[in-house]
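Read through the structure below, which is laid out as structure tokens, and then see the notes.
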Amino acid sequence: MENSILLHSGDQFHPKLPIFAIRLKKLSVANGYSREQMWRIKRIKATGKSSGEGASANDSDEALQDTIEKSKKVLAMQQDLLQQIAERRKVVSSIKSSLADAKDTYDDGNRSLSNGTLPIAAATPSTDVQKNTPTAITQDFVESKREVKRDLAQEGQLKTGTLKAAQSDERAPPLSRSSITASSQTSSTVSSAKRMLNVPPETSKSSQETPLDVNSRKSLVDVPGKRIQSYAPSSLKQSSAQSHVEQKSENLEGSSAKKADTETEDPVNVDEKPPPLAGTNVMNIILVAAECAPWSKTGGLGDVAGALPKALARRGHRVMVVAPRYGNYAEPQDSGVRKTYRVDGQDVEVTYFQAFIDGVDFVFIDSHMFRHTENNIYSGNYVDILKRMVLFCKAAIEVPWHVPCGGVCYGDGNLVFIANDWHTALLPVYLKAYYRDNGMMKYTRSVLVIHNIAHQGRGPLEDFSFVDLPPHYMDPFRLYDPVGGEHFNIFAAGLKTADRVVTVSHGYSWELKTSEGGWGLHEIINENDWKIRGIVNGIDTQEWNPELDVHLQSDGYVNYSLDTLQAGKPQCKAALQKELGLPVRDDVPLIGFIGRLDPQKGVDLIAEAVPWMMGQDVQLVMLGTGRPDLEQMLRQFECQHNDKIRGWVGFSVKTAHRITAGADILLMPSRFEPCGLNQLYAMKYGTIPVVHAVGGLRDTVQPFDPFNESGLGWTFSRAEAGQLIHALGNCLLTYREYKKSWEGIQTRGMTQDLSWDNAAQNYEEVLVAAKYQW
Ligand SMILES: Nc1ncnc2c1ncn2[C@@H]1O[C@H](COP(=O)(O)OP(=O)(O)O[C@H]2O[C@H](CO)[C@@H](O)[C@H](O)[C@H]2O)[C@@H](O)[C@H]1O
């Protein structure tokens, strides 16, 4: 009794008993007893009495019995848990060794994965198993799949002899463009992999599927639903399973748990790679865009679609890009999968081509509707483009079901689509109307990115018939504005329906809410403000890097870095002057412009400033395509000022790179600019931007401050020729008179981290927010 009072007074231990108390605590934790239970046991053992005042000997026996029973149960639970851990480790080992076998099989030239090398149980762990699977094991499984995918790709690369260095780690720097290869999968591989994964058999080529035919689709979906859970469980489940295990593990702290750990230690885990940067946020991500560089590009959208996914993959996500196949691209191979979708009352067949490059699955949708439009991917009128995009969005949304990448379909669990601009704004609507409204793709989310709100997919209300949706879906498309009156608007519907919306800079996300910047959609933007976020684009630092630039390796151009800037850049400038037929002079400032010839880009402001410029000792080169009158204007400038101006009408990636390297100054007087990539490229090449401080230009070009020697270029606040002239005048003065300041601006620009890695992290936050949104 005395001991009891001394020791147990609301955790106030007697000062003489701390060691005993600590030992008691350790023992209790190790055995899964509460400290109080332990104390009771010890005391009963010592005194033969229970602590309950006035309790009988029988009571104490019962209490002891009770406690012993409980402890037995706890021990049994521990055993059970240890058993489970051991079994799951075995499963993981067996998956890994099976995958290694599978790889060997491939290396031997036998392309079949269906010979039982990958146990079905391992490839498709049941939902029950999954429920209790610790995250690490699930993670292992995902990693294993990645390894297979990588192996397949590498194998393809080795076979085609184009692999320069095996990509041993997905988080390693991406391979150079020259290492682009296809993941070659024969249709037999595809079908065997599907069998392996319980993927429903291909519907026959003649089968006609329309996404509206929900009943017929249902049977198809039920199976993928299970399959999805098998290899990409929703992380909600994952986290609850995780916490369940963690809770149990707490009881295992101490020696027994440690023993269990060593007993069940799996040798394959010893040299495990560090976890992905994305950690537990790892997701399946499918970016869907109407263009994707380097295969198709008319502007910045193509650049983003080609680069952002690689950065997301570097963070550990499984990432796919889906784009139309406008031409016969070299790398992607026919996956053998064929589907039919209904467009404007016609059944249109699509085929899926794929390649695995720099850690990303690229899937190209082939159809007669896209073919041979390579040179003008937005050819035809708005209805023609709309029909193509209806087909594209319908087909893209089912890619995760039908197209095995590296032998394994993505499935629709833990999946987020990233749609881009109006062309793919139908995707969030289809995801909801065809699937989620019907209980399918429950864990799939969509994020819509606004690259340019000025293009919206507007038409008369009757155009609703083209998008093939139930009548009650008319409302999200209906928009009234003073310019268009009541009309059909695809971007409007996408913005309302997407789970989250991203735009490409903070400045632009603010401008979109104004009547000037929202182009009629500002009210919708304001209403959906809670789900909109501005994320500044990054740049592809492999593609746009003066040290690596493949377009600077001939014709007198040279690669250069910050260290070799003072020699390399003048050499590129001389090469550019020579190539353009301009006087080769180092002392004359060479001003560049690259962009779509569109009122957006402020070409008219340059035109107004040309007479002033021609009074200066400068050279001007403008590269662009677009509105015919603006193209004509460029030609005219060149004719009028042949010794100083070159107007290059056309789309030439090589010339864009060379101008970026050879010019001293880049003009971007855009009237609005959601982000702008050329100013970012320019800064990376030591070329100083002079920009209208709007949207992303304001976010990325801090004005030069001569007093503090800070800043990255020159800005002007209103889109007026006078302001452009003023800013350009100061820039020229610094170029001529203040070389040190000029070099300082160049250095600051070149040493910025403009990579996609920061942006990818921000995108990840948006994707996670979408994932947990119901
Ligand atoms: N004639 C030509 N020849 C060769 N290359 C040419 C070219 N004309 C343009 N380009 C290239 O196309 C890209 C243009 O990208 P921008 O971001 O500057 O503009 P764009 O308005 O198309 O993109 C929209 O989407 C992007 C991406 O989000 C936003 O940055 C931007 O603000 C928004 O308007 C650059 O890579 C540029 O070099």
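When a ligand or atom number is given, it counts from 1 through the structure's own listing order.
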Give a yes or no on whether K578 atom NZ has more than 12 heavy-atom contacts from other residues, nucleotides or ligands under 6.0 Å away. no

Students often mix this up, so state it plainly: with edges at 30° and 60°, are the rings of Y685 and H657 parallel, tilted or perpendicular? perpendicular

What part of T660, side chain, backbone, both or neither, has a heavy atom within less than 4.0 angstrom of ligand 1? neither

Atom 7 (C) of ligand 1 sits nearest the protein heavy atom F651 CE1, 3.3 Å

Looking at ligand 1, would K297 count as a contact under a 4.0 Å heavy-atom criterion? yes

So if I count the atoms of ligand 1 from 1 in the order they appear, which ones are less than 4.0 Å from some heavy atom of H451? 24 (C), 25 (O), 27 (C), 28 (O), 33 (C), 34 (O)

What is the closest protein heavy atom to atom 21 (O) of ligand 1, and at what distance does it sit? R596 NH2, 2.5 Å

Return yes if a side-chain donor-acceptor contact under 3.5 Å exists between H451 and N420, otherwise no. yes

Give a yes/no verdict on whether any heavy atom in Y508 is under 4.0 Å from an atom of ligand 1. no

For atom 31 (C) of ligand 1, state which one of K601, E673, M622 supplies the nearest heavy atom. E673

Under 4.0 Å from any heavy atom of V304, which atoms of ligand 1 are there? 27 (C), 28 (O)

For F672 and W519, what are the C-alpha separation, side-chain angles and deciding distance, and is it a ring-ring contact (aromatic ring centres under 6.0 Å, His included)? CA-CA 11 Å; F672 69 94; W519 291 70; 5.5 Å; yes

Measure the acute angle between the ring planes of W295 and F362, then classify it against the limits of 30° and 60° as parallel, tilted or perpendicular. tilted

With atoms numbered from 1 as shown, which atoms in ligand 1 lie under 4.0 angstrom from a non-hydrogen atom of G676? 17 (O), 29 (C), 30 (O), 31 (C), 32 (O)

Under the side chain to side chain donor-acceptor pair (under 3.5 Å) test against Q619, which residue among K644, Q577, R646 passes? Q577

Sub-4.0 Å heavy-atom approach of G696 to ligand 1: no

Check this for me: does any side-chain nitrogen of one of K654 and E579 sit under 4.0 Å from a carboxylate oxygen of the other? no

With heavy-atom distances below 4.0 Å as the criterion, list the atoms of ligand 1 near G595. 8 (N), 9 (C)

Contact with ligand 1 for G650, non-hydrogen, under 4.0 angstrom: yes

Quick check: do Y329 and E374 have side-chain heavy atoms less than 4.5 Å from each other? yes

Between Q600 and ligand 1, is there a nitrogen or oxygen pair with a distance under 3.5 Å? yes

In terms of side-chain heavy atoms, does Q571 have a donor or acceptor partner in Y560 at a distance below 3.5 Å? no

Any non-hydrogen side-chain atom of H506 less than 4.5 Å from a side-chain atom of V536? yes

Of all the non-hydrogen atoms in the protein, which one sits nearest to atom 3 (N) of ligand 1, and at what distance? S652 N, 3.0 Å

Under 3.5 Å, N or O to N or O, is G300 touching ligand 1 that way? yes

With respect to N678, determine whether any N or O atom, backbone or side chain, lies less than 3.5 Å from an N or O atom of ligand 1. yes

Would you name the heavy atoms of D303 and A293 that are closest together and state the gap between them? OD1-CB, 4.0 Å

Do other residues, nucleotides or ligands put more than 12 heavy atoms under 6.0 Å from E523 CD? no

Among protein heavy atoms, which sits nearest to atom 12 (O) of ligand 1, and what does the distance come to when rounded to 0.1 Å? G299 CA, 3.4 Å

I need the contact type for L677 against ligand 1. Using non-hydrogen atoms and a strict under-4.0 Å cut-off, is it side chain, backbone, both or neither? both

Got the closest protein heavy atom to atom 36 (O) of ligand 1, with its distance? D303 OD2, 2.5 Å

